[in-house]
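This report refers to the structure that appears directly beneath it.
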Amino acid sequence: MTYDEFNQLCGALPATTSVVQWGGAQVWKVGGKVFAVGGWSKDKVPAFTFKTSELNYDFLRNKEGYRPAPYLASRGMKWIQQFAGSKELDEELTYYFQESYRIVSLGLTKKKQKELGLNQNLSAE
């Protein structure tokens with residue numbers, strides 16, 4: 001996945017914003033909370049960082065091309081970085097970005113979710 005494809009994908013999700021920060025990384029947020037980062041690669045190969053569920057974190061942390069995200073995972077957060085992707089893995093990476101977005105948006109206050117029109121179709125059980 002290229003950074004342009006990454007930005008197009010994240011920008012298509014509802015109520016997202018982006019900023020360039022942390023050493024030139026493209027940072028995507030929902031409700032002011034980070035859900036995906038494009039950047040931080042030590043070489044010229046794109047690297048992407050995203051929040052995961054505990055199960056996905058356990059699965060991905062030892063998978064080839066993925067690692068616990070620098071800075072974030074060392075603080076106990078469940079963030080993964082893909083640093084060696086391929087075109088074949090783009091669909092998988094798309095899923096993880098969408099899942100990160102979902103996890104972060106569900107962590108927003110109910111008021112903020114309603115204000116942004118997010119997660120309204122979920123039943124209140």
For the [atom1] atom of [X] and the [atom2] atom of [Y], what is their distance to the nearest 0.5 Å?
X	Y	atom1	atom2	answer
M1	F6	CE	CZ	8.5 Å
S53	I103	OG	CD1	5.5 Å
L9	D4	CG	CG	12.5 Å

What are the two closest non-hydrogen atoms of [X] and [Y], and how far apart are they?
X	Y	value
M77	Y57	O-CE1, 4.3 Å
L89	A84	CD1-O, 4.5 Å
R61	D58	CG-O, 3.7 Å
T49	A69	CG2-CB, 3.5 Å
F97	A36	CD2-CB, 4.1 Å
Y66	Q82	OH-NE2, 3.4 Å

### Message
Before you tell me yes or no, could you show the steps for Y101 and L106 under side chain to side chain contact (heavy atoms under 4.5 Å, CB included), namely the whole-Å CA-CA distance, both residues' side-chain angles and the distance that decides it to 0.1 Å?
### Response
CA-CA 9 Å; Y101 170 87; L106 286 171; over 6 Å; no
Report yes if the side chains of [X] and [Y] come closer than 4.5 Å at any heavy-atom pair, otherwise no.
X	Y	result
Q113	T109	no
I80	K63	no
T16	C10	no

Throw together a table of side-chain donor-acceptor distances under 3.5 angstrom for residues 25-35, partners on residues two or more places apart or in other chains.
{"unit_1": "Q26", "atom_1": "NE2", "unit_2": "S18", "atom_2": "OG", "d": "3.1"}
{"unit_1": "W28", "atom_1": "NE1", "unit_2": "N7", "atom_2": "OD1", "d": "2.8"}

Is a side-chain donor or acceptor of [X] paired with a backbone partner of [Y] at a separation under 3.5 angstrom?
X	Y	value
E5	T2	yes
Q81	R67	no
S100	T52	no

### Query
Just checking, is any N or O donor in the side chain of Q8 or Y3 under 3.5 Å from an acceptor N or O on the other one?
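No pair is found: no donor N or O on one side chain lies under 3.5 Å from an acceptor on the other.
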### Task
Step through it carefully: locate the ring centre of Y96, locate the ring centre of F48, and say whether they are under 6.0 Å apart.
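Not close enough - the centres of the two rings lie 6.0 Å or further apart.
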### Query
When clusters are formed by joining ILVMFWY residues with side-chain heavy atoms under 4.5 Å apart, either directly or through shared neighbours, do V104 and L116 land in the same one?
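Hydrophobic grouping puts V104 with L116.
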### Query
Do V19 and W79 share a hydrophobic cluster, counting only Ile, Leu, Val, Met, Phe, Trp and Tyr and linking them when any side-chain heavy atoms are less than 4.5 Å apart?
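Same hydrophobic cluster.
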